[in-house]
Amino acid sequence: MIEIKEELLESVLEGAIHEIDDNAAKLISITRKIDAIEPLHFFVNAKQLAKDRTFWSSTADQFYIVGIGKAHTIRADSNRFQKTEKLWRNLLDEAIIHNPFQTPGTGMLALGGMSFDPGIRKSSLWEKFDHSLFAIPEYMLTVNESGYFLTVNVQADAETNANKLAGIIRRNEEVLIKPRPVLSAGPSIQWQEEVAPRDWMDTVKDATEAIEQNEADKIVLARELRVKLDSTVDIAAVLNNLIKTQSNSFVFAFEQGGDCFVGATPERLAKIEGTNVLSTCLAGTAPRGKTVSEDKRIGENLLYDEKNRSEHEFVVSMIKQAMDQYCTDIEIPDKPVIYPLKNLQHLYTPVTATLKDGYSIFDIIGELHPTPALGGVPRDESLEFIREHEQLDRGWYGAPIGWLDSNGNGEFAVAIRSGLIQGDEASLFAGCGVVRDSDPLAEYEETAIKFTPMLSVLGG
Ligand SMILES: C=C(O[C@H]1C=CC=C(C(=O)O)[C@@H]1O)C(=O)O
Ligand SMILES: [Mg+2]
């Protein structure tokens with residue numbers, strides 16, 4: 001990785017191109033500080049460049065990344081965590097990176113996600129989404145506590161004319177940073193249909209019986225809701241509404257060839273800053289109350305409810321064990337607290353640790369996914385049950401999505417409370433942890449509430 005320090009776009013580009021001493025094209029990455037701009041305006045403006053867009057925000061931290069287009073793509077099927085990491089490292093070794101700022105989330109980044117289960121054949125619904133797909137965007141906005149950063153990533157070779165390239169970049173940047181485009185109000189729903197709800201409840205019953213027979217201890221089962229909208233969905237409007245309504249969440253969108261996977265998940269899988277590691281145990285669910293006192297009562301009951309505590313405990317003990325290989329100083333409180341969201345509340349246990357030397361975020365997420373909040377216990381047996389009985393292709397639902405930078409910082413969430421939008425149609429997904437004393441109707445109702453964050457921003 002060659003770092004260069006010149007300030008002007010033209011001269012930085014010229015210097016970078018000058019570094020290229022063989023015939024191969026190289027990826028040049030240049031980051032500059034810019035004036036404040038609404039991340040969603042940047043996202044909307046990008047429509048004029050007709051490129052796939054990526055949106056990531058941690059609403060609790062006021063942290064945003066918006067990626068436009070793809071300067072480079074990293075794809076992997078089998079062995080995807082190791083393969084993606086290797087390809088990313090190779091790319092970093094070759095790239096010419098100019099980032100004087102070094103705050104997490106700036107500079108050359110890979111943004112992307114994975115499917116829940118690479119062991120199944122993709123259905124046509126998810127055909128545009130690889131089992132692992134990361135992109136280094138052409139243009140990227142990062143907003144964090146130290147300001148607004150614009151990164152351009154561009155392929156160039158020794159023959160590239162720096163001034164000409166700088167001209168193209170500047171014209172595109174002008175389009176992207178123009179303020180105040182109008183955000184639309186969002187779609188409304190024409191009809192919606194739950195996919196085979198009775199069969200799904202039968203499957204929950206089958207899962208409890210499998211657990212009764214000691215075939216597994218916990219199995220997470222998901223279902224799908226099909227939605228038809230009155231018009232092609234404006235993703236920016238959906239994101240705007242998710243940001244406004246879903247605090248304490250990661251609001252995300254990944255466009256891929258016209259389809260878009262979008263959602264607002266409360267579940268962090270792993271965050272790494274330097275050697276600090278954060279993870280989250282999130283499992284066990286109840287609705288919000290209509291009054292403050294009812295809400296408090298429901299929360300108290302959730303904290304002491306045996307069924308929900310057992311759902312939660314499976315996640316805590318698995319994460320504790322999984323982190324042990326890669327981390328020291330693992331700290332996990334011995335009791336969960338309530339994590340309130342707009343439509344429901346969860347049991348929540350935070351995990352902090354220190355990353356051991358020589359390991360990366362890929363090691364952590366590769367070990368954690370799927371946690372028993374999305375897969376089950378034991379992992380292999382529960383995944384086998386899901387493959388055999390669940391009547392849907394989860395695609396990227398329930399899987400790691402996020403970003404990582406060239407300094408090893410990054411954050412991944414588990415893509416729940418989400419849906420795949422295809423023009424004026426959408427598939428929404430929601431799941432729940434089935435344990436020994438799960439009641440199919442109660443699990444059905446729990447998943448129904450889990451659809452509401454997405455359903456309400458689609459106009460439901
Ligand atoms: C699988 C989902 O939620 C998981 C995360 C939190 C609580 C859960 C639960 O209580 O069942 C689930 O394990 C989903 O929202 O689709
Ligand atoms: Mg549950």
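When a ligand or atom number is given, it counts from 1 through the structure's own listing order.
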**Report entry** Validation row: Phe254, Phe55 side chains within 4.5 angstrom (heavy atoms)
**Finding:** no
Query raised in the report: Side chains of Thr203 and Leu221: closer than 4.5 Å at any heavy-atom pair?
Result: yes
**Report entry** Parallel, tilted or perpendicular: ring planes of Trp396 versus Phe129, cut at 30 and 60 degrees
**Finding:**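 Answer is perpendicular, since the angle exceeds 60°.
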Ligand 1 N/O to protein N/O, distances under 3.5 Å:
residue: ligand 1; atom: 3 (O); partner: Arg417; partner atom: NH2; Å: 3.3
residue: ligand 1; atom: 10 (O); partner: Gly284; partner atom: N; Å: 2.9
residue: ligand 1; atom: 10 (O); partner: Thr285; partner atom: OG1; Å: 2.5
residue: ligand 1; atom: 10 (O); partner: Glu311; partner atom: OE1; Å: 3.2
residue: ligand 1; atom: 10 (O); partner: Glu446; partner atom: OE2; Å: 3.0
residue: ligand 1; atom: 11 (O); partner: Glu311; partner atom: OE1; Å: 3.0
residue: ligand 1; atom: 11 (O); partner: Gly433; partner atom: N; Å: 2.9
residue: ligand 1; atom: 11 (O); partner: Glu446; partner atom: OE2; Å: 2.9
residue: ligand 1; atom: 11 (O); partner: Lys450; partner atom: NZ; Å: 3.0
residue: ligand 1; atom: 13 (O); partner: Ala373; partner atom: O; Å: 2.7
residue: ligand 1; atom: 15 (O); partner: Arg417; partner atom: NE; Å: 2.6
residue: ligand 1; atom: 15 (O); partner: Arg417; partner atom: NH2; Å: 2.7
residue: ligand 1; atom: 16 (O); partner: Tyr397; partner atom: OH; Å: 2.5
residue: ligand 1; atom: 16 (O); partner: Gly431; partner atom: N; Å: 2.7

Scan side-chain atoms only and decide if [X] and [Y] contain a donor-acceptor pair under the 3.5 Å cut-off.
{"X": "Glu331", "Y": "Thr352", "answer": "no"}
{"X": "Thr232", "Y": "Asp424", "answer": "no"}
{"X": "Gln256", "Y": "Lys70", "answer": "yes"}

**Report entry** For the Mg ion (ligand 2), the closest N/O/S atom belonging to Glu311
**Finding:** OE1
Requested in this report: Using 2.8 Å as a strict upper limit, say whether an N, O or S atom of Glu446 approaches the Mg ion (ligand 2) that closely.
Outcome: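 Yes, since at least one N, O or S atom of Glu446 sits under 2.8 Å from the Mg ion (ligand 2).
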Requested in this report: In plain terms, say whether Lys296 and Glu294 are close enough for a salt bridge, that is, a side-chain N and a carboxylate O under 4.0 Å apart.
Outcome: no
